[in-house]
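A quick write-up on the structure given underneath.
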Amino acid sequence: MLPAAEAPHGVEDTHDGAIAGGSGYPLPMPELPEVEVTRLRIEPALVGRRIRRVVTTPDSYFFLTRPARLKRSLAGRRVESLDRHGKYLVANLDGGSRLVVHLGMTGQLFSSGATSVRLLSATARAALAPEEQGRFVPDAHTHLRLCFASGPEVYLRDVRKFGKVLLLGPGETSPRLGRLGVDALGATGEQLFRATRGRRVAIKSLLLDQSILAGVGNIYADEALFHAGVRPRRAASRLTQRECAALAQAIRAVLERSIETGGSSIRDYVAPDGSDGAYQDERFVYARAGESCLRCGEKVRRVVVAQRGTHYCPGCQK
DNA sequence: ATCGTTGCCTGAGGGC
DNA sequence: TGCCCTCAGGCAACGA
(Lines give C-alpha, C1' and ligand atoms only; values in the text may rest on other atoms or scores of the structure.)
Protein backbone atom coordinates (compact mmCIF):
# COMPACT_ATOMS: atom_id res chain seq x y z
CA MET A 1 0.00 0.00 0.00
CA LEU A 2 1.19 3.47 -0.82
CA PRO A 3 2.10 5.39 2.30
CA ALA A 4 -0.23 8.33 2.75
CA ALA A 5 2.55 10.88 2.69
CA GLU A 6 3.64 9.84 -0.78
CA ALA A 7 0.29 10.56 -2.31
CA PRO A 8 0.21 13.93 -4.02
CA HIS A 9 -1.52 16.66 -2.10
CA GLY A 10 -4.23 17.14 -4.62
CA VAL A 11 -7.87 16.93 -5.41
CA GLU A 12 -7.57 14.02 -7.80
CA ASP A 13 -6.25 11.63 -5.25
CA THR A 14 -8.94 12.41 -2.76
CA HIS A 15 -11.63 12.07 -5.31
CA ASP A 16 -12.54 8.44 -5.37
CA GLY A 17 -15.36 7.73 -2.97
CA ALA A 18 -14.05 10.38 -0.71
CA ILE A 19 -17.08 11.21 1.32
CA ALA A 20 -19.33 8.43 2.44
CA GLY A 21 -21.68 7.59 5.24
CA GLY A 22 -21.95 4.51 7.36
CA SER A 23 -23.35 1.10 6.65
CA GLY A 24 -25.95 0.99 9.38
CA TYR A 25 -24.30 -1.26 11.94
CA PRO A 26 -24.05 -0.22 15.56
CA LEU A 27 -21.19 2.05 16.44
CA PRO A 28 -17.87 0.43 17.12
CA MET A 29 -15.03 2.41 18.57
CA PRO A 30 -11.42 2.55 17.59
CA GLU A 31 -9.76 -0.18 19.61
CA LEU A 32 -6.18 -1.38 19.62
CA PRO A 33 -6.13 -2.69 16.03
CA GLU A 34 -7.72 0.44 14.61
CA VAL A 35 -5.33 2.65 16.56
CA GLU A 36 -2.38 0.57 15.44
CA VAL A 37 -3.51 0.71 11.81
CA THR A 38 -3.94 4.46 12.18
CA ARG A 39 -0.46 4.71 13.63
CA LEU A 40 1.08 2.78 10.76
CA ARG A 41 -0.71 4.81 8.14
CA ILE A 42 -0.26 8.28 9.61
CA GLU A 43 3.37 7.70 10.57
CA PRO A 44 4.81 8.66 7.15
CA ALA A 45 2.82 11.89 7.18
CA LEU A 46 4.05 12.83 10.64
CA VAL A 47 7.44 11.45 11.53
CA GLY A 48 10.41 13.50 10.43
CA ARG A 49 8.33 16.56 9.70
CA ARG A 50 8.43 19.90 11.49
CA ILE A 51 5.16 21.49 12.55
CA ARG A 52 4.85 25.08 11.42
CA ARG A 53 1.36 26.04 12.46
CA VAL A 54 -1.49 24.59 14.51
CA VAL A 55 -5.18 25.34 14.07
CA THR A 56 -7.79 24.16 16.57
CA THR A 57 -11.45 24.46 17.37
CA PRO A 58 -12.40 26.57 20.41
CA ASP A 59 -11.41 25.28 23.82
CA SER A 60 -13.53 22.42 25.10
CA TYR A 61 -13.12 19.38 27.31
CA PHE A 62 -11.67 17.65 24.29
CA PHE A 63 -8.48 19.57 25.01
CA LEU A 64 -6.76 18.36 28.16
CA THR A 65 -4.11 20.88 27.15
CA ARG A 66 -5.57 24.27 26.29
CA PRO A 67 -5.50 25.14 22.57
CA ALA A 68 -3.41 28.25 23.20
CA ARG A 69 -0.66 26.19 24.78
CA LEU A 70 -0.90 23.53 22.10
CA LYS A 71 -0.38 26.12 19.39
CA ARG A 72 2.49 27.78 21.23
CA SER A 73 4.27 24.58 22.17
CA LEU A 74 3.82 22.59 18.97
CA ALA A 75 4.91 25.26 16.51
CA GLY A 76 8.48 24.60 15.43
CA ARG A 77 8.59 21.08 16.87
CA ARG A 78 9.70 18.13 14.80
CA VAL A 79 7.99 14.76 15.19
CA GLU A 80 10.64 12.16 15.98
CA SER A 81 8.49 9.05 16.28
CA LEU A 82 4.97 7.82 16.83
CA ASP A 83 4.15 5.22 19.48
CA ARG A 84 1.01 3.48 20.62
CA HIS A 85 0.09 2.53 24.18
CA GLY A 86 -3.19 0.65 24.28
CA LYS A 87 -5.58 2.96 22.46
CA TYR A 88 -3.37 6.01 22.89
CA LEU A 89 -1.12 7.45 20.22
CA VAL A 90 1.97 9.27 21.43
CA ALA A 91 3.97 11.51 19.11
CA ASN A 92 7.46 12.07 20.46
CA LEU A 93 8.71 15.55 19.60
CA ASP A 94 12.17 17.02 19.49
CA GLY A 95 13.02 18.65 22.78
CA GLY A 96 11.38 15.79 24.67
CA SER A 97 7.73 16.79 24.75
CA ARG A 98 4.98 14.38 23.68
CA LEU A 99 1.67 14.91 21.94
CA VAL A 100 -0.85 12.37 23.20
CA VAL A 101 -4.01 11.54 21.28
CA HIS A 102 -6.95 9.29 22.12
CA LEU A 103 -9.50 8.73 19.38
CA GLY A 104 -12.39 8.06 21.73
CA MET A 105 -15.31 6.68 19.75
CA THR A 106 -15.37 8.80 16.67
CA GLY A 107 -11.85 10.16 16.37
CA GLN A 108 -10.19 10.22 12.97
CA LEU A 109 -6.56 11.02 12.36
CA PHE A 110 -5.63 11.39 8.73
CA SER A 111 -3.63 13.50 6.34
CA SER A 112 -4.69 15.59 3.40
CA GLY A 113 -2.42 13.34 1.36
CA ALA A 114 -4.72 10.41 1.97
CA THR A 115 -6.12 8.76 -1.11
CA SER A 116 -9.64 9.09 0.21
CA VAL A 117 -11.28 10.08 3.42
CA ARG A 118 -14.46 8.54 4.67
CA LEU A 119 -15.91 11.11 6.99
CA LEU A 120 -18.25 10.34 9.80
CA SER A 121 -20.96 12.92 9.56
CA ALA A 122 -22.93 14.05 6.58
CA THR A 123 -22.59 17.68 7.60
CA ALA A 124 -19.03 17.58 6.36
CA ARG A 125 -20.41 17.04 2.91
CA ALA A 126 -21.88 20.51 3.04
CA ALA A 127 -18.45 21.89 3.75
CA LEU A 128 -17.28 20.77 0.37
CA ALA A 129 -17.42 23.39 -2.31
CA PRO A 130 -18.38 21.91 -5.72
CA GLU A 131 -14.98 22.67 -7.21
CA GLU A 132 -13.38 20.86 -4.28
CA GLN A 133 -15.56 17.80 -4.57
CA GLY A 134 -13.95 14.98 -2.74
CA ARG A 135 -11.32 17.06 -1.05
CA PHE A 136 -11.45 17.36 2.71
CA VAL A 137 -12.10 20.80 4.09
CA PRO A 138 -11.53 21.15 7.84
CA ASP A 139 -14.90 21.53 9.52
CA ALA A 140 -16.25 22.19 13.01
CA HIS A 141 -15.31 18.65 14.06
CA THR A 142 -11.71 19.07 13.01
CA HIS A 143 -10.25 19.91 16.39
CA LEU A 144 -6.60 19.82 15.50
CA ARG A 145 -4.91 20.70 12.26
CA LEU A 146 -1.16 20.42 11.92
CA CYS A 147 0.37 22.43 9.10
CA PHE A 148 3.91 21.91 7.93
CA ALA A 149 6.21 24.01 5.79
CA SER A 150 4.98 22.11 2.78
CA GLY A 151 3.13 18.97 1.89
CA PRO A 152 0.09 17.29 3.40
CA GLU A 153 -1.52 18.58 6.57
CA VAL A 154 -2.56 16.28 9.38
CA TYR A 155 -6.07 16.42 10.84
CA LEU A 156 -7.60 15.14 14.04
CA ARG A 157 -11.34 15.03 13.62
CA ASP A 158 -13.80 13.83 16.26
CA VAL A 159 -17.54 14.25 15.87
CA ARG A 160 -18.51 13.31 19.42
CA LYS A 161 -15.46 14.67 21.13
CA PHE A 162 -15.02 11.61 23.31
CA GLY A 163 -11.42 11.66 22.21
CA LYS A 164 -8.69 13.60 23.95
CA VAL A 165 -5.56 15.49 23.10
CA LEU A 166 -2.87 16.57 25.50
CA LEU A 167 0.70 17.74 25.44
CA LEU A 168 3.27 16.52 27.93
CA GLY A 169 6.36 18.61 28.55
CA PRO A 170 9.83 17.04 28.70
CA GLY A 171 9.84 14.49 31.50
CA GLU A 172 6.22 15.16 32.34
CA THR A 173 4.13 12.07 33.03
CA SER A 174 0.44 11.50 32.62
CA PRO A 175 -1.83 9.63 35.02
CA ARG A 176 -3.78 8.49 31.97
CA LEU A 177 -0.79 6.79 30.42
CA GLY A 178 0.62 5.72 33.75
CA ARG A 179 -2.52 3.82 34.67
CA LEU A 180 -2.47 1.66 31.54
CA GLY A 181 -1.94 -2.03 32.02
CA VAL A 182 0.04 -4.32 29.76
CA ASP A 183 -0.60 -3.86 26.05
CA ALA A 184 -3.25 -6.35 25.04
CA LEU A 185 -1.14 -7.63 22.13
CA GLY A 186 1.23 -9.06 24.70
CA ALA A 187 -1.37 -10.45 27.08
CA THR A 188 -0.49 -13.74 28.70
CA GLY A 189 -2.73 -16.25 30.41
CA GLU A 190 -0.71 -15.94 33.57
CA GLN A 191 -1.24 -12.17 33.72
CA LEU A 192 -4.93 -12.58 33.10
CA PHE A 193 -5.23 -15.30 35.70
CA ARG A 194 -3.55 -13.13 38.33
CA ALA A 195 -5.64 -10.09 37.40
CA THR A 196 -8.88 -12.01 37.73
CA ARG A 197 -8.25 -13.39 41.23
CA GLY A 198 -10.57 -11.87 43.78
CA ARG A 199 -12.50 -9.98 41.13
CA ARG A 200 -16.21 -10.60 41.19
CA VAL A 201 -17.03 -8.44 38.19
CA ALA A 202 -18.03 -9.98 34.88
CA ILE A 203 -15.02 -11.07 32.87
CA LYS A 204 -16.18 -8.79 30.09
CA SER A 205 -15.96 -5.75 32.40
CA LEU A 206 -12.48 -6.76 33.40
CA LEU A 207 -11.38 -7.06 29.78
CA LEU A 208 -12.54 -3.50 29.18
CA ASP A 209 -10.53 -2.22 32.16
CA GLN A 210 -7.60 -0.42 30.55
CA SER A 211 -5.54 -0.61 33.74
CA ILE A 212 -5.41 -4.38 33.35
CA LEU A 213 -5.22 -4.88 29.60
CA ALA A 214 -4.68 -1.80 27.47
CA GLY A 215 -6.36 -1.73 24.09
CA VAL A 216 -9.33 -4.09 24.29
CA GLY A 217 -12.70 -2.48 23.62
CA ASN A 218 -16.23 -3.73 23.13
CA ILE A 219 -15.88 -5.54 19.82
CA TYR A 220 -12.73 -7.48 20.57
CA ALA A 221 -13.83 -8.28 24.12
CA ASP A 222 -16.91 -10.00 22.70
CA GLU A 223 -15.03 -11.71 19.90
CA ALA A 224 -12.22 -12.93 22.16
CA LEU A 225 -14.70 -14.30 24.70
CA PHE A 226 -16.42 -16.16 21.90
CA HIS A 227 -13.21 -17.74 20.65
CA ALA A 228 -12.22 -18.69 24.19
CA GLY A 229 -15.65 -20.22 24.82
CA VAL A 230 -16.30 -18.07 27.88
CA ARG A 231 -19.58 -16.29 28.60
CA PRO A 232 -19.16 -12.54 29.12
CA ARG A 233 -21.10 -12.48 32.40
CA ARG A 234 -19.00 -15.10 34.14
CA ALA A 235 -17.44 -13.74 37.32
CA ALA A 236 -13.79 -13.05 36.55
CA SER A 237 -12.65 -14.93 39.65
CA ARG A 238 -14.39 -18.07 38.43
CA LEU A 239 -12.25 -18.47 35.35
CA THR A 240 -9.78 -21.32 35.51
CA GLN A 241 -6.12 -21.02 34.66
CA ARG A 242 -6.82 -22.92 31.48
CA GLU A 243 -9.65 -20.55 30.51
CA CYS A 244 -7.45 -17.53 31.18
CA ALA A 245 -4.81 -19.01 28.91
CA ALA A 246 -7.38 -19.58 26.18
CA LEU A 247 -8.74 -16.08 26.63
CA ALA A 248 -5.33 -14.42 26.45
CA GLN A 249 -4.58 -16.43 23.34
CA ALA A 250 -7.93 -15.43 21.81
CA ILE A 251 -7.33 -11.76 22.62
CA ARG A 252 -3.95 -11.78 20.91
CA ALA A 253 -5.35 -13.67 17.93
CA VAL A 254 -8.34 -11.41 17.25
CA LEU A 255 -6.25 -8.26 17.67
CA GLU A 256 -3.46 -9.50 15.43
CA ARG A 257 -5.90 -10.74 12.83
CA SER A 258 -7.70 -7.41 12.84
CA ILE A 259 -4.49 -5.45 12.37
CA GLU A 260 -3.68 -7.73 9.46
CA THR A 261 -6.98 -7.01 7.81
CA GLY A 262 -6.76 -3.29 8.43
CA GLY A 263 -8.99 -2.89 11.45
CA SER A 264 -12.75 -3.08 11.80
CA SER A 265 -14.70 -0.38 10.10
CA ILE A 266 -18.29 -1.23 10.66
CA ARG A 267 -19.14 2.39 10.70
CA ASP A 268 -17.08 4.81 12.71
CA TYR A 269 -13.57 3.64 12.23
CA VAL A 270 -11.86 5.28 9.33
CA ALA A 271 -8.36 4.56 8.21
CA PRO A 272 -6.37 7.71 7.51
CA ASP A 273 -6.26 6.84 3.85
CA GLY A 274 -9.90 5.87 3.72
CA SER A 275 -9.38 2.21 3.07
CA ASP A 276 -11.66 -0.04 5.02
CA GLY A 277 -10.70 -2.70 7.44
CA ALA A 278 -12.06 -6.13 6.70
CA TYR A 279 -12.20 -7.58 10.18
CA GLN A 280 -15.88 -6.74 10.34
CA ASP A 281 -16.39 -9.63 7.96
CA GLU A 282 -14.82 -12.00 10.45
CA ARG A 283 -17.03 -11.16 13.39
CA PHE A 284 -18.64 -14.16 15.03
CA VAL A 285 -20.84 -12.44 17.59
CA TYR A 286 -20.46 -8.67 17.71
CA ALA A 287 -23.57 -6.96 16.33
CA ARG A 288 -24.94 -10.32 15.24
CA ALA A 289 -27.73 -10.62 17.81
CA GLY A 290 -30.52 -12.88 16.59
CA GLU A 291 -28.41 -14.32 13.80
CA SER A 292 -27.21 -17.90 13.79
CA CYS A 293 -23.86 -18.72 15.28
CA LEU A 294 -21.42 -19.42 12.48
CA ARG A 295 -20.01 -22.30 14.46
CA CYS A 296 -22.97 -24.10 16.06
CA GLY A 297 -26.05 -22.48 14.57
CA GLU A 298 -27.62 -21.29 17.80
CA LYS A 299 -28.98 -17.75 17.92
CA VAL A 300 -26.47 -15.17 19.05
CA ARG A 301 -27.71 -13.30 22.13
CA ARG A 302 -27.33 -9.71 23.14
CA VAL A 303 -27.23 -8.66 26.78
CA VAL A 304 -25.94 -5.59 28.58
CA VAL A 305 -22.78 -5.93 30.64
CA ALA A 306 -21.07 -2.93 32.17
CA GLN A 307 -23.52 -0.70 30.34
CA ARG A 308 -22.36 -2.01 27.00
CA GLY A 309 -23.98 -4.09 24.34
CA THR A 310 -22.56 -7.58 24.76
CA HIS A 311 -22.92 -10.46 22.35
CA TYR A 312 -22.35 -14.16 22.84
CA CYS A 313 -23.36 -17.59 21.62
CA PRO A 314 -25.09 -19.67 24.31
CA GLY A 315 -24.06 -22.82 22.48
CA CYS A 316 -20.36 -22.10 22.22
CA GLN A 317 -19.72 -20.12 25.39
CA LYS A 318 -19.98 -21.55 28.88
C1' DA B 1 -9.99 -1.79 47.14
C1' DT B 2 -13.77 -2.76 44.42
C1' DC B 3 -18.00 -1.99 42.13
C1' DG B 4 -21.77 0.31 39.88
C1' DT B 5 -23.49 4.70 38.07
C1' DT B 6 -23.22 9.11 35.77
C1' DG B 7 -22.03 12.57 32.34
C1' DC B 8 -19.61 14.22 28.42
C1' DC B 9 -21.45 14.56 22.91
C1' DT B 10 -23.85 14.25 18.39
C1' DG B 11 -25.63 11.62 14.44
C1' DA B 12 -28.48 7.88 12.93
C1' DG B 13 -32.64 5.65 12.85
C1' DG B 14 -37.31 4.47 14.34
C1' DG B 15 -41.96 5.93 15.21
C1' DC B 16 -45.72 8.70 14.32
C1' DT C 1 -41.70 15.12 5.03
C1' DG C 2 -40.17 16.16 9.42
C1' DC C 3 -39.98 16.26 14.22
C1' DC C 4 -39.02 13.94 18.56
C1' DC C 5 -37.13 10.39 20.99
C1' DT C 6 -33.73 6.91 22.07
C1' DC C 7 -29.50 4.70 21.47
C1' DA C 8 -24.47 4.11 20.96
C1' DG C 9 -20.16 4.18 24.08
C1' DG C 10 -14.38 5.26 26.32
C1' DC C 11 -13.21 7.02 30.14
C1' DA C 12 -12.88 9.55 34.49
C1' DA C 13 -15.16 10.99 38.46
C1' DC C 14 -18.08 9.95 42.08
C1' DG C 15 -20.49 7.63 45.79
C1' DA C 16 -21.34 3.39 48.29
Side-chain angles (χ1 to χ4, degrees), chain A residues 19-35 38 57-65 84-89 100-109 118-127 139-143 156-166 174-181 183-184 194-223 232-238 263-270 280 283 286-289 302-311:
Chain A
I19 310 296
S23 62
Y25 287 97
L27 298 168
M29 61 308 244
E31 304 184 24
L32 187 153
E34 290 77 14
V35 177
T38 294
T57 48
D59 193 13
S60 70
Y61 80 103
F62 179 81
F63 296 100
L64 295 181
T65 298
R84 180 190 57 75
H85 300 288
K87 302 177 195 172
Y88 286 87
L89 286 172
V100 181
V101 169
H102 193 291
L103 298 177
M105 285 183 61
T106 55
Q108 301 174 279
L109 185 66
R118 201 176 277 256
L119 298 173
L120 289 182
S121 93
T123 56
R125 230 168 286 170
D139 62 353
H141 301 306
T142 308
H143 304 297
L156 175 59
R157 190 170 179 273
D158 188 350
V159 171
R160 284 185 198 166
K161 292 204 290 191
F162 274 28
K164 291 280 176 283
V165 60
L166 77 143
S174 156
R176 284 178 177 261
L177 294 180
R179 264 195 292 273
L180 293 180
D183 195 83
R194 265 186 276 119
T196 52
R197 295 310 93 183
R199 299 295 301 268
R200 280 178 285 189
V201 285
I203 182 62
K204 159 106 179 223
S205 301
L206 194 122
L207 291 184
L208 295 176
D209 185 341
Q210 302 298 300
S211 71
I212 293 170
L213 277 188
V216 176
N218 209 28
I219 298 178
Y220 300 104
D222 282 4
E223 293 298 313
R233 284 193 284 203
R234 284 267 300 282
S237 58
R238 304 285 294 272
S264 293
S265 61
I266 290 176
R267 190 160 79 195
D268 275 12
Y269 171 67
V270 178
Q280 51 176 311
R283 285 175 296 118
Y286 185 80
R288 294 195 67 247
R302 181 185 189 278
V303 294
V304 174
V305 178
Q307 274 86 306
R308 284 174 195 114
T310 298
H311 316 74

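Just so you know, these numbers use all the heavy atoms, side chains as well, and skip hydrogens, waters and symmetry mates.
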Look at the side-chain N and O atoms of [X] and state whether any lies under 4.0 Å from the OP1 or OP2 oxygen of [N].
X      : N      : result
A:R200 : B:dG4  : no
A:H102 : C:dC11 : yes
A:Y286 : C:dA8  : no
A:Q307 : B:dT5  : yes
A:R176 : C:dA12 : yes
A:R160 : C:dA8  : no

Worksheet item: How do A:K161 and A:L206 order along DNA chain B: which one's closest nucleotide is nearer the 5' end?
Response: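 First, find each residue's nearest nucleotide; the 5'-ward one identifies A:L206.
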
Nearest heavy atoms of [X] and [Y], plus distance in Å:
X      : Y      : result
A:T196 : A:A236 : CB-O, 3.4 Å
A:A202 : A:P232 : CB-O, 3.4 Å
A:V216 : A:A184 : CG2-CB, 3.6 Å

Practice prompt. Return the nearest nucleotide to the side chain of A:F162; candidates are B:dT10, B:dC8, B:dT2.
Written response: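 Of the options given, the side chain of A:F162 lies nearest B:dC8.
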
Worksheet entry | Listed nucleotide nearest any side-chain atom of A:V159, set B:dT6, B:dC8, B:dT10 |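 Minimum distance to the A:V159 side chain belongs to B:dT10.
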
Discussion item. With a 4.5 Å cut-off on side-chain heavy atoms, are A:V100 and A:K164 touching?
Written reply: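 No; the side chains remain at least 4.5 Å from each other.
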
What does [X] touch in the nucleic acid at a heavy-atom separation under 4.0 angstrom: a base, only the sugar-phosphate, or nothing?
X      : result
A:K164 : nothing
A:G309 : sugar-phosphate
A:R302 : sugar-phosphate
A:N218 : sugar-phosphate

Item to complete: Go through the structure and list residues passing ring pair (Phe, Tyr, Trp, His ring centres under 6.0 Å) with A:H102, not counting sequence neighbours.
Response: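 Result, ring pair (Phe, Tyr, Trp, His ring centres under 6.0 Å) vs A:H102: A:Y88.
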
Discussion item. With each end axis built from five pairs of C1' atoms, what bend angle do you get for the helix from B:dT2-C:dA16 to B:dC16-C:dG2? Round to 10°.
Written reply: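 Result, rounded to 10 degrees: 50°.
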
Protein-nucleotide distance ([X], atom [atom1]; [N], atom [atom2]), rounded to Å:
X      : N      : atom1 : atom2 : result
A:H141 : B:dC8  : NE2   : C1'   : 15 Å
A:R308 : B:dG4  : CZ    : P     : 12 Å
A:M105 : B:dT10 : CE    : P     : 13 Å
A:K87  : C:dC11 : NZ    : C1'   : 9 Å
A:D158 : B:dC9  : CG    : C1'   : 9 Å
A:Y61  : C:dC11 : OH    : P     : 13 Å
A:D209 : C:dC11 : CG    : C1'   : 11 Å
A:L213 : C:dC11 : CG    : P     : 13 Å

Practice prompt. Test A:N218 against every option in A:H311, A:E223, A:K204 by the side chain to side chain donor-acceptor pair (under 3.5 Å) rule and name the one that passes.
Written response: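 Exactly one candidate clears the test, A:K204.
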
Discussion item. I'd like to know if A:D222 and A:R283 make a salt bridge, using a cut-off of under 4.0 Å between side-chain N and carboxylate O.
Written reply: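 Salt bridge: no.
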
Practice prompt. Using the six-membered ring wherever Trp is involved, compare the ring planes of A:H143 and A:F63 and label them parallel, tilted or perpendicular (cut-offs 30° and 60°).
Written response: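 Ring orientation of A:H143 relative to A:F63: perpendicular.
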
